[in-house]
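Below: the structure, in structure tokens.
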Amino acid sequence: QVQLVESGGGLVQAGGSLRLSCAAFGLTFSNYAVGWFRPAPGKAREFAASITWSIDWRLRNTVYADSVKGRFTISRDNAKNTVYLQMNSLRPEDTAVYYCAAGTSASGLRNGGAQYWGQGTQVTVSS
């Protein structure tokens, strides 16, 4: 059974930081494109950030939505089979349930076409 388990959400004040974690069970993250999403008006999921595996560990194969660029950083720890989302300079509009997802196509993933989804972790940013 494939499971993606998110953690790290919570309540923070505007300008604060959180680090979300997504641990995978039943699949190896290095074989997938992995991303973070949140609900948005008119969309089931809004793409926030994605990461793809490369045999060259020096390559940063990451893509960010304009709304989070410069504030959020996605990373991975292959040894722990975990993907992280470091969120800095948080704003009230970042408040949402954040979902981890994995897919076989990077472009498909960014458009919401993931094969696997986690249950989400709540992030609340107060003003």
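Worth knowing before you read on, the calculation uses all heavy atoms, side chains too, and leaves out hydrogens, waters and symmetry mates. Position 1 is the first residue of the sequence; numbering continues from there.
- Residues V12 and W36 are members of one and the same hydrophobic cluster, defined by side-chain heavy-atom contacts under 4.5 angstrom among Ile, Leu, Val, Met, Phe, Trp and Tyr.
- Checked by atom type, the side-chain pair Y98/R38 shows a donor-acceptor distance below 3.5 Å.
- Going from atom OG of S30 over to atom CZ of R76 covers 8.5 Å, rounded to the nearest 0.5 Å.
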Given side-chain contact (heavy atoms from CB on, under 4.5 Å), test L20 with F72 step by step and report yes or no.
CA-CA 11 Å; L20 307 183; F72 292 8; over 6 Å; no
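- Between V123 and L18, the closest side-chain pair of non-hydrogen atoms falls below 4.5 Å.
- Separation of atoms OG1 (T95) and CD (Q122) is listed at 7.5 Å; rounding is to 0.5 Å.
- Judged by distance alone, the side chain of T82 and the main-chain N or O of K80 form a donor-acceptor pair under 3.5 Å.
- A distance-only check finds a donor-acceptor pair linking the side chain of N81 to the backbone of A24 [under 3.5 Å].
- Of all the heavy atoms in A33 and A106, the pair that sits closest is CB-CA, 3.8 Å.
- Between the OH atom of Y32 and the OG1 atom of T104 there is a distance of 7.5 Å, given to the nearest 0.5 Å.
- Nearest approach of A49 to L85, heavy atoms of both residues: CB-CD1, 4.1 Å.
- Of the possible polar contacts, none joining the N61 side chain to the S50 backbone as a donor-acceptor pair under 3.5 Å is found.
- Put simply, the side chain of N111 never gets that close to the backbone of G113: no donor and acceptor are under 3.5 Å apart.
- For the atom pair S17 OG and M87 CE, the distance stands at 8.5 Å (nearest 0.5 Å).
- Residue E93 places its CD atom among more than 12 non-hydrogen atoms of other residues, nucleotides or ligands, all under 6.0 Å distant.
- Using a distance-only test at 3.5 Å, with no hydrogens or angles considered, a donor-acceptor pair links the side chain of D94 to the main chain of R91.
- Proximity of a side-chain donor or acceptor of Y64 to a complementary backbone N or O of I74 within less than 3.5 Å is detected.
- Evaluation of the side chain to side chain donor-acceptor pair (under 3.5 Å) rule for K69 yields D66 as partners, not counting sequence neighbours.
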Cut-off 3.5 Å, no hydrogens considered: what does the side-chain donor-acceptor table look like for residues 2-9, sequence neighbours left out?
unit_1: E6; atom_1: OE1; unit_2: Q119; atom_2: N; d: 3.1
unit_1: E6; atom_1: OE1; unit_2: G120; atom_2: N; d: 3.0
unit_1: E6; atom_1: OE2; unit_2: C100; atom_2: N; d: 2.8
unit_1: E6; atom_1: OE2; unit_2: G120; atom_2: N; d: 3.2

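- Hydrophobic cluster of L109: the remaining members, joined at side-chain heavy-atom separations below 4.5 Å, are F37, F47, V63, V97, Y99, W117, listed by chain and number.
- Partner F29 forms a side chain to side chain contact (heavy atoms under 4.5 Å, CB included) with one of V83, I51, D77 and no other, that one being V83.
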